[in-house]
There are 2 protein chains.
Amino acid sequence: MDSMTSPAVQAPRGGPVTRKDVARYAGVSTAVVSYVVNGGPKKVAPATEAKVQDAIRVLGYRPNAAARALKLGSSETLGLIIPDNTNPFFSLFAHAVEDAAAALGYALVLSNSDGNLAKERRNIRNLAARQVDGVLLASVLFDPDLEALETAEIPAVLLNQEHDAPGFNSIGVDLAAGARIAVEHLIGHGHTNIGLAMGTNVSGSLDGREVGWRQALQEAGLQEGPIAYNGFTWPGGYLAGQRLLASVNRPTAIFATSDTQAVGLLRAIHEAGVAVPGDIAVVSFDGSIESEYSWPPLTTVEQPVAAMAEAAVAALVGARRGEKPRHRIFPTKLLVRQSCGCP
Amino acid sequence: MDSMTSPAVQAPRGGPVTRKDVARYAGVSTAVVSYVVNGGPKKVAPATEAKVQDAIRVLGYRPNAAARALKLGSSETLGLIIPDNTNPFFSLFAHAVEDAAAALGYALVLSNSDGNLAKERRNIRNLAARQVDGVLLASVLFDPDLEALETAEIPAVLLNQEHDAPGFNSIGVDLAAGARIAVEHLIGHGHTNIGLAMGTNVSGSLDGREVGWRQALQEAGLQEGPIAYNGFTWPGGYLAGQRLLASVNRPTAIFATSDTQAVGLLRAIHEAGVAVPGDIAVVSFDGSIESEYSWPPLTTVEQPVAAMAEAAVAALVGARRGEKPRHRIFPTKLLVRQSCGCP
DNA sequence: GTTCGATATTGACTCGAGTAGATGGGGGTG
DNA sequence: CACCCCCATCTACTCGAGTCAATATCGAAC
């Protein structure tokens with residue numbers, strides 16, 4: 001940037017600089033400007049290109065994204081709908097999606113549905129109207145309202161869905177398998193009374209994590225420990241902790257279905273003066289950052305968030321090129337720290 | 001939604017439905033459709049309006065946002081640039097901004113700069129090219145690179161800036177005052193050796209929180225406790241904790257400049273087998289959710305995030321109506337929990 | 001029965017950029 | 001010297017919606 005020339009040519013006109021201004025300044029037609037900007041479908045002589053580039057720099061021209069989107073029918077934008085970007089797992093996911101999208105030149109519109117189905121629906125419609133090229137939806141329902149997406153005719157990826165929805169991409173982890181390795185690990189520590197802090201969402205359908213917990217116990221020939229159903233959130237885990245501590249057969253180990261719950265759980269356990277993992281061991285699910293800095297650090301089932309985000313974005317971009325919807329399940333991995341009783 | 005009619009009229013044509021299709025179906029001109037959709041500048045006869053509404057519903061028409069943006073010169077979109085949406089304070093802020101923007105009909109484009117100045121700059125340019133109506137920038141620098149914003153001629157709000165940048169809105173809290181009430185509270189508990197876990201960022205300039213810590217000690221006639229400079233992050237706080245524990249004059253209280261640091265700090269303290277608040281009291285800064293569910297729950301200086309987000313969005317929307325840039329400082333509030341020694 | 005007026009509707013132009021098809025100019029070959 | 005071809009460039013139409021100026025259309029009043 002030549003700081004001597006810029007003040008002189010700064011704002012030679014009122015409004016923003018358009019292709020026309022650049023063309024006039026460079027003494028060429030508007031088409032040539034487009035060709036230069038896009039490495040367009042036609043070639044431009046080097047000398048002309050230089051003139052145009054110069055004009056662009058001097059005038060500070062930026063192509064109007066709205067006009068571009070109108071003509072091309074693509075806004076180079078993806079939409080992400082999650083229950084709450086404040087939840088560490090979703091914030092992790094949002095960051096990964098943003099990275100993946102940015103790498104492909106797409107911007108990311110964020111919207112929270114706050115566990116509210118009406119708001120989720122409104123967000124879908126809103127994104128549809130904004131001509132986003134694709135939507136990533138982590139629905140508040142296990143069985144989301146797909147009608148809005150269908151009528152919008154926008155490529156979509158359903159996140160953390162277990163059953164495939166025909167016509168839609170979906171991406172998730174094997175929740176049952178993940179829960180199983182968590183519970184099996186606790187069983188390996190010798191626990192025989194393992195409770196469950198189960199998150200709930202709007203729909204009542206069965207979560208794979210509950211299935212996995214049950215399977216692991218059954219295969220080991222153990223009885224089911226107590227269950228507390230509460231939200232996937234901090235207060236949900238806190239309440240679950242209080243309830244499980246008060247249950248008649250207080251468990252010696254608890255599997256929590258999210259890190260966030262586990263952190264709330266830990267607070268309840270500490271408050272009661274009970275030792276972790278000495279008196280009660282804890283294993284959780286997600287592998288978000290907060291699991292690493294809680295006390296004690298949480299043993300947790302890690303989801304491959306970055307890979308999932310990349311796959312989701314790739315699916316959306318691919319959909320615009322006519323690729324077929326796919327259903328992908330990613331594997332989880334046990335991240336052993338100390339809350340389970342390991343040293 | 002009449003489920004009987006929708007399958008029959010579904011997708012009567014290939015591409016998406018445009019205003020023209022609606023006009024044809026309703027037997028009116030395209031102008032009338034616009035008037036109906038927008039409660040337009042001209043009135044429409046009730047009977048006609050009904051016909052149009054019907055056509056809209058039947059065809060599933062959604063106005064094309066790109067075309068609208070082109071004509072109106074506004075994309076009804078704001079951009080948010082933060083270092084890392086995974087950090088609980090920023091995630092809280094992002095959520096609040098999203099809410100405030102949505103309430104005014106604006107969408108939010110999220111981009112992370114990951115503490116990387118080059119990336120921050122790239123994000124600014126990117127958002128500028130996308131014709132966002134305004135940018136909220138939480139810069140990695142105390143003194144951000146404003147040139148990109150200036151040449152983009154986009155209304156902007158600088159977040160957490162202390163000194164005004166002429167020509168820009170800015171919004172922040174009184175960091176020094178906040179730090180002072182935190183440290184004064186610790187002094188009130190009888191502490192005389194109060195350490196500081198200070199976050200650092202790219203620029204080297206002095207942070208108000210450090211100033212406030214120093215002021216409070218000075219006013220009380222106390223000597224400065226040890227300082228650990230590390231990132232505003234979890235590992236930063238963890239390292240700071242280890243260093244402060246090992247310092248020759250180990251403090252009996254620590255002020256951490258973010259909740260995230262405090263959580264890392266707590267882990268280090270717990271690992272060393274030191275009691276909080278018994279042996280070492282902790283007060284932190286931000287008031288994000290994680291402060292409530294750590295162990296023990298953190299006494300923290302709360303920032304009025306929702307109010308700040310609303311003010312920031314209002315400033316951007318106002319800027320499009322010709323309002324002048326303002327510099328606003330919000331007050332903080334001490335949120336007393338248990339890490340400070342209160343019951 | 002004509003004219004005025006109010007109201008409802010329409011045609012046509014605009015926003016800024018992409019690009020096909022038309023047009024020009026320069027060099028090489030016969 | 002005439003011809004052709006190729007490459008560089010321009011003209012002009014397009015995307016979908018907002019909106020003003022120019023019409024219909026109808027009823028009421030004289």
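Just so it is clear: chains get the letters A, B, ... in the order the sequence lines come, proteins before strands, and each one is counted from 1.
In this structure, the NZ atom of K20(B) is 15 Å from the P atom of dG18(D), given to the nearest Å. As rounded to whole Å, 11 Å separates atom C1' of dA17(C) from atom CD of Q131(B). In this structure, L59(B) atom CG and dG16(D) atom C1' are separated by 15 Å, rounded to whole Å. Put simply, CG on L72(A) is 6 Å from P on dG18(C), counting in whole angstrom units. K71(A) has its NZ atom 11 Å from the C1' atom of dA12(D), to the nearest Å. Residue I56(B) contributes atom CD1, which lies 14 Å from atom C1' of dG16(D) at whole-angstrom precision. One can place CZ of R24(B) at 14 Å from P of dT10(C), the figure rounded to the nearest angstrom. Protein atom CG of N64(A) is 13 Å distant from nucleotide atom C1' of dC15(D), rounded to whole Å.
No donor-acceptor pair closer than 3.5 Å links the side chain of N123(A) to the backbone N or O of I81(A). Although no hydrogens or angles enter the test, the distance criterion places no donor-acceptor pair under 3.5 Å between the side chain of R328(B) and the main chain of N169(B).
Place R68(B) and K43(A) on DNA chain D by their nearest nucleotides, and K43(A) ends up nearer the 5' end. DNA chain C is contacted by both L70(A) and A31(B); A31(B) maps to the nucleotide lying nearer its 5′ end (nearest heavy atom per residue). Between P41(A) and A67(B), the one whose closest nucleotide on DNA chain C sits nearer the 5' end is A67(B). Of the residues near DNA chain D, N38(B) and T48(A), the one whose nearest nucleotide (by heavy atom distance) lies more toward the 5' end is T48(A).
An OP1 or OP2 oxygen of dC7(D) is reached within less than 4.0 angstrom by no side-chain nitrogen or oxygen of Y35(A). For the pair S34(A) and dG18(C), the criterion of a side-chain N or O lying under 4.0 Å from OP1 or OP2 is met.
Between K51(A) and D54(A), no side-chain nitrogen of the basic residue sits less than 4.0 Å from a carboxylate oxygen of the acidic one, so the salt-bridge criterion is not met.
At a threshold of 4.0 angstrom between heavy atoms, the contacts of V32(B) include nucleobase atoms, whether or not backbone atoms are also involved. V28(B) comes within 4.0 angstrom of sugar-phosphate atoms only, judged by non-hydrogen atoms across all strands, and of no base. Here V37(A) lies out of heavy-atom contact (under 4.0 Å) with every strand. Residue-level contact check: V33(B) touches neither bases nor backbone, having no heavy atom under 4.0 Å from any strand.
Within 3.5 Å, no donor on the side chain of R62(B) pairs with an acceptor on the base of dG16(D), nor the reverse. Residue R19(B) places a side-chain atom within donor-acceptor reach of the base of dA17(D), judged by atom type and a 3.5 Å distance cut-off alone.
Picking from dT9(D), dA17(D), dA17(C) the nucleotide with the shortest atom distance to the side chain of K42(A) gives dT9(D). The side chain of T30(A) lies closest to dA12(D), out of dT9(C), dA12(D), dA17(C).
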#### Entry: Intermediate values then yes/no, side-chain hydrogen bond (donor to acceptor under 3.5 Å, both in side chains), D133(A) and S74(A)
CA-CA 6 Å; D133(A) 295 330; S74(A) 153; 2.8 Å; yes

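T77(B) and R130(A) share a side-chain donor-acceptor pair at under 3.5 Å. Inspection of the S111(A) and R122(A) side chains reveals no N or O donor paired with an N or O acceptor under 3.5 Å.
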